[in-house]
Peer 1: 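Handing you a structure now.
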Protein chains: 2
Amino acid sequence: MDIPHQCQFCNRQANSAFHDLSTEGLAEISQLKTCVSFRKGQVIMHEGARPQGVYCIHNGKVKLYTLGTEGKEQIIRFVTSGDLIGYRSILSEEPISASATALEDTHACYIPKSSFFKVIQDNPKFSLNLLKLSCHELGEAGKMITSLAQKNVKERLAEILLILNTTFGEDEDGYIDINLTREEIANMVGTATESVIRLISELRKEGYIRSKGKRIALEDRVSLRQMAAIYE
Amino acid sequence: MDIPHQCQFCNRQANSAFHDLSTEGLAEISQLKTCVSFRKGQVIMHEGARPQGVYCIHNGKVKLYTLGTEGKEQIIRFVTSGDLIGYRSILSEEPISASATALEDTHACYIPKSSFFKVIQDNPKFSLNLLKLSCHELGEAGKMITSLAQKNVKERLAEILLILNTTFGEDEDGYIDINLTREEIANMVGTATESVIRLISELRKEGYIRSKGKRIALEDRVSLRQMAAIYE
DNA sequence: TCAAATATATGATAATTGTCATTTTGAATC
DNA sequence: GATTCAAAATGACAATTATCATATATTTGA
């Protein structure tokens, strides 16, 4: 895997918070960052820690999750190419609120805290982009709160499947392009693994999805949207 | 009620995102803003709308809520003195994600969108403060997501009561200083009104709280924290 | 202060979801 | 390809919470 060492030549930049950064800004980060790799399953950051830097994901998929009181995971979000991990903790000066674990082998650039602050000071446009991103994510979080509070488990599962399909797209066989156990899906839906298994089976029988092993493909997106009560 | 017309003299500024704003910045906003009032129950902003400005709350209490598919409210947060409403929608260029309704008579300053953008451009420190605030709120939202997904209703009620007590403080009789119906509490906990009523009665019998009419006072904060599984 | 409206309280029952136990299947590793 | 272990699947039952109906208490507005 050949990662461009210079941020200016990184093609992930287009969909990252860095997309408005000046050439000087990008050169600045390039100088200060280091490249790191994580194996599938490796913990990138621990909930409660105080990170000394920010990761910019080059490739790979990462889940952000908290542990509930009984040690059960709650997956809050996923992070993919171009996304940053850890900046929120650094900026709000709080411990990091969710752990990050690589779902597959992942490459990232690590920017030390002081460098990150320097780039922020020197590039107000960058911090404005982070602000926009955070505002967007707050809206999404509000939606998730409402779903968890008011929708039943089947509705929430339909919603999560649609979100996964949108987030990760489809592989060449049309399956959602992410490798998740039923337990992990349950940890997003906020329900018991068996409940998810049963409902996936039910959705398959009803013709809304098809599955093969762990993999799931959406077959009737319109009906799933209706079921999930998602409106545009 | 005498609201200082000049932002420089507003004592709410200390706990707002404006607290780092220069004297010139404050003078700038003062010139551009208008003062507005809302009666109890009045809608300040509608979910889905595209606000043309930002409100900075001077006094009063406001609930931010979304409507679920059956028209039931989900209260996401409260907004009080010094807080801003609408900036996220403006910055993320998305419709506003939650309605805002005054829980009591409320006074605010209204800053038109263009003025708000101007202040942001001219004062990077201000946008950095908004970013910090958003990062903090994202952490809080993550916690709420985990609670809704994993805690049972009693645990969540205990948590919500603690949050209310912290957010609004206590009146001279020791009751949480906010006037909420059991339905509204249920709309935060994400459960049926009857369930909240029953559990409040139960918590009262168990000695954790006392209540008088709608009002609720915490009697045993330590046990409530344990019950809510909240750790520091 | 009073009446009406709304909120709270309670009981009974239904529905949804969780837990536990066991079997089957599939994925990962060597 | 074989083996092992983890994940998926399924059934039975338990627990939690929602819904519906009704009575009582409180709040609100004139």
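Quantities reported herein were computed from a predicted structural model and do not represent experimental measurements. A note on names: the letters A, B, ... follow the listed sequences, proteins ahead of strands, and every chain is numbered from 1.
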Peer 1: In whole angstrom, give the distance that lies between atom CD of A:E202 and atom P of D:dA9.
Peer 2: 13 Å

Peer 1: Less than 3.5 Å apart, any donor N or O on the side chain of B:T193 or B:R182 sitting next to an acceptor on the other?
Peer 2: no

Peer 1: Using 0.5 Å steps for rounding, measure from the CE atom of A:M188 to the CG atom of A:L180.
Peer 2: 7.0 Å

Peer 1: How is B:T193 classified with respect to the nucleic acid when contacts are heavy atoms under 4.0 Å: base, sugar-phosphate, or nothing?
Peer 2: nothing

Peer 1: Distance to the ring centre below 6.0 angstrom and angle to the axis at most 45 degrees; does that hold for A:R210 and A:Y175?
Peer 2: yes

Peer 1: Considering only side-chain heavy atoms of A:S201, which listed nucleotide, D:dT10, C:dA9, D:dT17, is closest?
Peer 2: D:dT10

Peer 1: How many whole angstroms separate atom CD of A:E183 from atom P of D:dC5?
Peer 2: 18 Å

Peer 1: To the nearest 0.5 angstrom, please state how far the CD1 atom of A:I176 sits from the NZ atom of A:K214.
Peer 2: 14.0 Å

Peer 1: Determine, stepwise, if the pair B:F38 / B:Y55 fulfils ring-ring contact (aromatic ring centres under 6.0 Å, His included).
Peer 2: CA-CA 11 Å; B:F38 299 95; B:Y55 292 97; 5.4 Å; yes

Peer 1: Picking from C:dT17, C:dT8, D:dT17, which would you name as closest to the side chain of A:S195?
Peer 2: C:dT17

Peer 1: Walk along nucleotides 22-30 of chain C from 5' to 3' and tag each nucleotide B, S or - by protein heavy-atom contact under 4.0 Å, base first, then sugar-phosphate.
Peer 2: -----SS--

Peer 1: Can you pull out the residues from residues 141-165 of chain B that lie within a 4.0 Å heavy-atom distance of DNA chain C?
Peer 2: none

Peer 1: Is it true that A:E104 and A:N179 share a donor-acceptor pair across their side chains at a distance under 3.5 Å?
Peer 2: no

Peer 1: Tell me: CZ of B:R204 to P of D:dA25, nearest whole Å?
Peer 2: 13 Å

Peer 1: Given salt bridge (charged side-chain N to carboxylate O under 4.0 Å, His left out), test A:E94 with A:R88 step by step and report yes or no.
Peer 2: CA-CA 8 Å; A:E94 293 164 348; A:R88 286 165 30 201; over 6 Å; no

Peer 1: Axis-to-axis angle across the helix from C:dT1-D:dA30 to C:dC30-D:dG1, five pairs an end, to 10 degrees?
Peer 2: 80°

Peer 1: Whether the B:H107 and B:S37 side chains hold a donor-acceptor pair (N or O, under 3.5 Å, no angle test) is what I'd like checked.
Peer 2: yes

Peer 1: In Å, rounded to the nearest 0.5 Å, how long is the span from NZ of A:K63 to CD1 of A:I75?
Peer 2: 5.0 Å

Peer 1: Specify the separation, in whole Å, of atom CD1 of A:I197 and atom C1' of C:dC20.
Peer 2: 14 Å

Peer 1: Distance-only, no hydrogens or angles: does the B:T166 side chain make a donor-acceptor pair with backbone N or O of B:L162 under 3.5 Å?
Peer 2: yes

Peer 1: Rounded to the nearest angstrom, tell me the gap between atom CG in B:L103 and atom P in D:dT28.
Peer 2: 13 Å

Peer 1: Roughly how far, to the nearest 0.5 Å, is NZ of A:K61 from OG1 of A:T80?
Peer 2: 8.5 Å

Peer 1: Roughly, in whole Å, what's the span from CG in A:L199 to P in D:dA8?
Peer 2: 15 Å

Peer 1: Give the rounded distance in Å between these two atoms: CD1 of A:I200 and P of D:dA8.
Peer 2: 8 Å

Peer 1: In whole Å, what is the span from the CG atom of A:L180 to the C1' atom of D:dA8?
Peer 2: 15 Å

Peer 1: Once ring-ring contact (aromatic ring centres under 6.0 Å, His included) is applied, do any residues pair with B:Y208, and if so which ones, sequence neighbours excluded?
Peer 2: none

Peer 1: Do B:S147 and B:K143 have a side chain donor and acceptor closer than 3.5 Å?
Peer 2: no

Peer 1: Not counting sequence neighbours, which residues clear side-chain hydrogen bond (donor to acceptor under 3.5 Å, both in side chains) with B:E206? List them please.
Peer 2: B:K154

Peer 1: Under 3.5 Å, which protein N or O atoms sit close to an N or O of nucleotides 20-22 of chain D? Give each pair with its distance.
Peer 2:
| from | atom 1 | to | atom 2 | distance (Å) |
| --- | --- | --- | --- | --- |
| D:dC20 | N4 | B:E194 | OE2 | 3.2 |

